[in-house]
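Here is the structure we will look at, set down as structure tokens.
Atoms within each ligand, like the ligands themselves, are counted from 1 in listed order.
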Amino acid sequence: MTAKYKRIMLKVTGESLLGKREFGIDFEAVLALAEKIKKIKETGVEIAIVIGGGNIYRGASAAKFGIDRSTGDYMGMLATVMNGMALEDALNKIGVQTRLQSALSMPSVAERFIRKRAIHHLEKGRVVILAAGTGNPYVTTDTGASLHALELHCEVLMKATKVDGVYDKDPTKNSDAKLYRTLNFEDALHDRLEVMDSAAMSMAMENDLIIHVFDLFSDDNLLKAVQGDDIGTIISNKVKTVLA
Ligand code: UDP
């Protein structure tokens, strides 16, 4: 098993930690995710992870109930720190070395995000979990993932989701929806395809980052993606848009 990449950024949504629950953290689900990460670690690839918080809190939803948007967003960032702690604990339990870094200062539970220190940990073979996104409100952890992927010189941003890639229309509502094998950034932005938030997409496009979208829950997909197998959707400036 060899990895196609030397260093990857993995964006994991908070929903991946839900398991069968509607809210919060299911530790079985966290352990299952940790096992998948351990498998790809064994290929030798360096792994940085940006963890979301949507299983606990999202600022945009809170704003609808009257909470100041920035306050809600900071609460959302705190949720990602809890998820990061849970994932770190699960990885440590199965023998994977980690460092949790947070974009908000929280010295009792996480290191502060320091780019060069994160790179040092990656070079030492530690899985670096990045919590609190960018540390700023009005964006999501997708933007944190694009930003940190660029800062840490990751070759690809893997967006692991519940669907098996990007479709031309919503596959849950349209039985004729088609999956993109490859997708050019200009087409993705022009057609407003919902891949990541638009700030994250623009940043990736302007800086030539490759995004790989695939279904995290399907067997060994994460491993397949790391090995460069043809699964899900690859979004890049260098590919033509091709439907499956
Ligand atoms: N958030 C933020 N700034 C960031 C990252 C996250 O304000 O840089 C807040 C925002 O409210 C967001 C919440 O944290 O909704 C949880 O993150 P996200 O929605 O990205 O989680 P996911 O959908 O990936 O589970």
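Atoms of ligand 1 lying under 4.0 Å from at least one heavy atom of Gly52, given by number and element, are 21 (O), 22 (P), 24 (O), 25 (O). Below 4.0 Å from some heavy atom of Lys11 lie the following atoms of ligand 1, by number and element: 24 (O). Atoms of ligand 1 lying under 4.0 Å from any heavy atom of Tyr57, numbered from 1 in the order shown and given with element: 13 (C), 16 (C).
Taking the side chain as every heavy atom from C-beta outward, Thr182 and Thr233 never approach each other to under 4.5 Å. Side-chain contact check for Met85 versus Asp89: every heavy-atom pair is 4.5 Å or farther apart. When side chains are defined from C-beta on, Phe113 does not count as touching Ser102, because their heavy atoms never get closer than 4.5 Å. The side-chain heavy atoms of Glu194 and Val166, taken from C-beta on, include no pair separated by under 4.5 Å.
Looking at atom 23 (O) of ligand 1, its nearest protein heavy atom turns out to be Arg58 NH2, 2.7 Å. Closest to atom 20 (O) of ligand 1, if we only count protein heavy atoms, is Thr141 OG1, 2.5 Å. Protein heavy atom in closest approach to atom 14 (O) of ligand 1: Gly76 C, 3.1 Å. Taking atom 21 (O) of ligand 1 as the reference point, the nearest protein heavy-atom neighbour is Gly53 N, 2.9 Å.
Taking a 6.0 Å sphere around CD of Gln97, one finds it holds 12 or fewer heavy atoms contributed by other residues, nucleotides or ligands.
Of the N or O atoms in Gly14, one or more lie within a sub-3.5 Å distance of an N or O in ligand 1. By the 3.5 Å distance cut-off applied to N or O atoms, Ala60 is not counted among the residues near ligand 1. Ligand 1 has no nitrogen or oxygen under 3.5 angstrom from a nitrogen or oxygen of Gly72. Of the polar atoms of Asp73, at least one N or O is found under 3.5 Å from an N or O of ligand 1, judged by distance alone. For a threshold of 3.5 Å applied to N or O pairs, the pair formed by Pro137 and ligand 1 contains no separation below that value. Of the N or O atoms in Thr13, none lie within a sub-3.5 Å distance of an N or O in ligand 1.
In this structure, Val139 counts as a contact residue of ligand 1, since one of its heavy atoms falls inside 4.0 Å of the ligand.
With respect to the salt-bridge test (charged N to carboxylate O, under 4.0 angstrom), the residues Lys39 and Asp220 qualify. Residues Glu46 and Lys6 are paired through a salt bridge, judged by an N-O separation under 4.0 Å between the basic side chain and the carboxylate.
For the atom pair CG of Leu189 and CD of Glu186, the computed distance is 8.5 Å after rounding to the nearest 0.5 Å. Taken to the nearest 0.5 Å, the CG atom of Leu122 stands 12.5 Å off from the NZ atom of Lys124.
When Thr134, Asp197, Asn136, Thr161 are ranked by how near their heavy atoms come to atom 3 (N) of ligand 1, first place goes to Asn136.
Distance alone, capped at 3.5 Å, is enough to place a donor-acceptor pair between the Ser146 side chain and the Ala200 backbone.
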